2 protein chains.
Amino acid sequence: MKQARHCFLSESGEVLARWQEAFPKAVGMRFTEAAQSRPAPTLLWVRLPQDRAVAPLLAEIRRRLGNLPCVVLSDLPDDNQALESFSAAAKGYCNTHAAAAFLRQVAEVVGQGGLWIGESLMTRLVEATARIESPPPMESSDSWAAHLTPREQEVARAIAEGASNKEIARGLGITERTVKLHVGAVLEKLGVRDRLQIALIVNGIRQSQPA
Amino acid sequence: MKQARHCFLSESGEVLARWQEAFPKAVGMRFTEAAQSRPAPTLLWVRLPQDRAVAPLLAEIRRRLGNLPCVVLSDLPDDNQALESFSAAAKGYCNTHAAAAFLRQVAEVVGQGGLWIGESLMTRLVEATARIESPPPMESSDSWAAHLTPREQEVARAIAEGASNKEIARGLGITERTVKLHVGAVLEKLGVRDRLQIALIVNGIRQSQPA
DNA sequence: AAGATAACTGTACCGAAGTACAGGTGGAAC
DNA sequence: GTTCCACCTGTACTTCGGTACAGTTATCTT
């Protein structure tokens, strides 16, 4: 990788020891004195003051320095602020006082065109979407699975995710015909008439009505 | 970095030349033959068949292989599909036929805990993420109705309860034909393919994918 | 050995769902 | 008046979902 130039922007313009440790050649700059320089930094680290909103600050910085990749550093990181930062097109978000090795990792990721999303935000995102996409890890509490064979349960879960018979067939490596067999069995065992009702039941919106 | 084990999942199980070039030790696997192996791969590359939805496919793969980091490869990349992929907790999304160096870059970023996200998509992803959880719950659960006419909303709600077209027609005192008209409009406006997806969205189990 | 159960497959049929044509009405806005 | 939009309807077509026949194979029980 080419030599990266790191520039830390903050209210005071200081360069914390950890930053220096991570990037010995890093330079610091005050927000107020930020101006075009040659050669331009490859990565901007923006230490967010407590009382400032992310979007306006980044907008101002971009006006002054041009559209460079920015990583937001927060003294008190929290997920909502992280979201704000990414909304403002930041490339990363992490703790102001993160370890040097960590900072280097972030720089690496961002330098290669990626986004650095903090562990906890990542987890939240994954969990939130997991709730949406893979409905229940806890079908245990649900009675719907009780009388279904393992295969039928797989099919029922796939239906609950919105899969078509063809997709289920491919997913399970069986023919569409066989999928229909299982679907039919699930319909009868749950006492409903179509796959939509299966989806509602598996997703916990309806209760099954045993025939 | 520890030796990474790359596994390419696709319909055919083949390993394209570029993939092999990027990761000489990569192995290929069919979706249908995917199964736990030791040692587990560190990164899964999932080549998405054109006619398959992302979420069910990844869900299926995770059921088979456990919750491993996945990068989605698309033969015809587009933003909506990418958004779907990240909603399904993929760690990256890129072109199936990307150059070897590019793939290694993606792997690097993902391996260090980052997400590989195309520039144009960042904004949309953040918005989608924000819609999913952070904002007041009411807003997100009602967003589906935003661009629907009153009549279309009635139909959408009826579908969400599992009603058939005929039942909806009776309930609203109109013909089945007209119900189909409204259903078609809802499908298009929510960007989904069938009524089951409508039900999932209205019930807050999935987010709409703006066309 | 006989029976039960789960899983799988094939051909065929029917109705529901969804789409593509092609319209007609009433109200609100310009 | 004209234009736009929501709402409504009809015929015809394709695809998908679900069911009804009729089987095979493997495993486990009695």
Side-chain angles (χ1 to χ4, degrees), chain A residues 144-203 206 208-209 211, chain B residues 30-33 35 49-53 56 60 63-64 144-202 208-209 211:
Chain A
W144 64 266
H147 301 98
L148 302 186
T149 68
R151 212 50 162 167
E152 287 162 0
Q153 291 179 30
E154 288 186 85
V155 171
R157 273 190 292 266
I159 289 174
E161 285 156 12
S164 68
N165 285 343
K166 196 166 300 190
E167 287 174 338
I168 298 172
R170 289 195 184 186
L172 298 180
I174 57 181
T175 65
E176 197 175 337
R177 176 63 191 87
T178 306
V179 174
K180 288 185 176 183
L181 173 79
H182 294 309
V183 172
V186 174
L187 288 173
E188 192 188 349
K189 289 184 180 177
L190 296 184
V192 295
R193 66 172 181 219
D194 57 39
R195 62 178 35 229
L196 207 158
Q197 315 286 331
I198 295 178
L200 296 179
I201 290 171
V202 173
N203 282 308
R206 268 247 205 303
S208 75
Q209 310 291 339
Chain B
R30 285 198 189 84
F31 294 132
T32 52
E33 70 187 16
Q50 274 90 348
D51 52 350
R52 294 205 58 178
E60 169 75 22
R63 273 200 298 278
R64 285 166 174 270
W144 60 267
H147 300 100
L148 303 187
T149 68
R151 214 50 162 168
E152 287 162 0
Q153 291 178 31
E154 288 185 85
V155 171
R157 271 189 290 269
I159 288 175
E161 284 161 16
S164 67
N165 286 344
K166 196 167 300 190
E167 288 170 337
I168 298 172
R170 289 196 40 134
L172 297 180
I174 56 181
T175 65
E176 196 176 337
R177 175 64 191 85
T178 306
V179 174
K180 287 186 177 183
L181 174 80
H182 294 310
V183 172
V186 174
L187 288 174
E188 190 181 352
K189 288 183 181 179
L190 294 185
V192 295
R193 65 170 183 222
D194 56 42
R195 60 179 38 229
L196 207 157
Q197 315 285 331
I198 296 177
L200 295 180
I201 290 170
V202 173
S208 73
Q209 309 283 341

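Computed from a predicted structure; not experimentally measured. Convention: sequence-line order gives letters A, B, ...; per-chain numbering from 1.
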Name of the residue among Val186(B), Leu190(B), Val183(B), Leu181(B) meeting side-chain contact (heavy atoms from CB on, under 4.5 Å) with Glu152(B)
Val186(B)
Sole candidate of Glu176(A), His182(A), Arg177(A) that passes side-chain contact (heavy atoms from CB on, under 4.5 Å) when paired with Asn165(A)
Glu176(A)
So if I define the base as every atom that isn't primed, P, OP1 or OP2, how would nucleotides 25-30 of chain D read as a B/S/- string at a heavy-atom cutoff under 4.0 Å?
------
What one-letter contact string describes nucleotides 4-22 of chain C from 5' to 3', where B marks a base within less than 4.0 Å of any protein heavy atom, S marks contact via sugar-phosphate atoms alone, and - marks no contact?
--SSBBBB----SBBBBB-
Are Glu167(B) and Arg170(B) within salt-bridge range, i.e. N to O under 4.0 Å?
no
Would Ile174(A) and Arg151(A) satisfy side-chain contact (heavy atoms from CB on, under 4.5 Å), going step by step from the backbone distance to the final call?
CA-CA 11 Å; Ile174(A) 57 181; Arg151(A) 212 50 162 167; 3.9 Å; yes
Tell me every residue that passes salt bridge (charged side-chain N to carboxylate O under 4.0 Å, His left out) with Arg52(B), counting only those two or more places apart in sequence or in another chain.
none
Worked verdict on Glu154(B) versus Arg157(B) for salt bridge (charged side-chain N to carboxylate O under 4.0 Å, His left out):
CA-CA 5 Å; Glu154(B) 288 185 85; Arg157(B) 271 189 290 269; over 6 Å; no
I would like to know whether Val155(B) and Leu172(B) meet side-chain contact (heavy atoms from CB on, under 4.5 Å); could you show each step before the answer?
CA-CA 9 Å; Val155(B) 171; Leu172(B) 297 180; 4.0 Å; yes
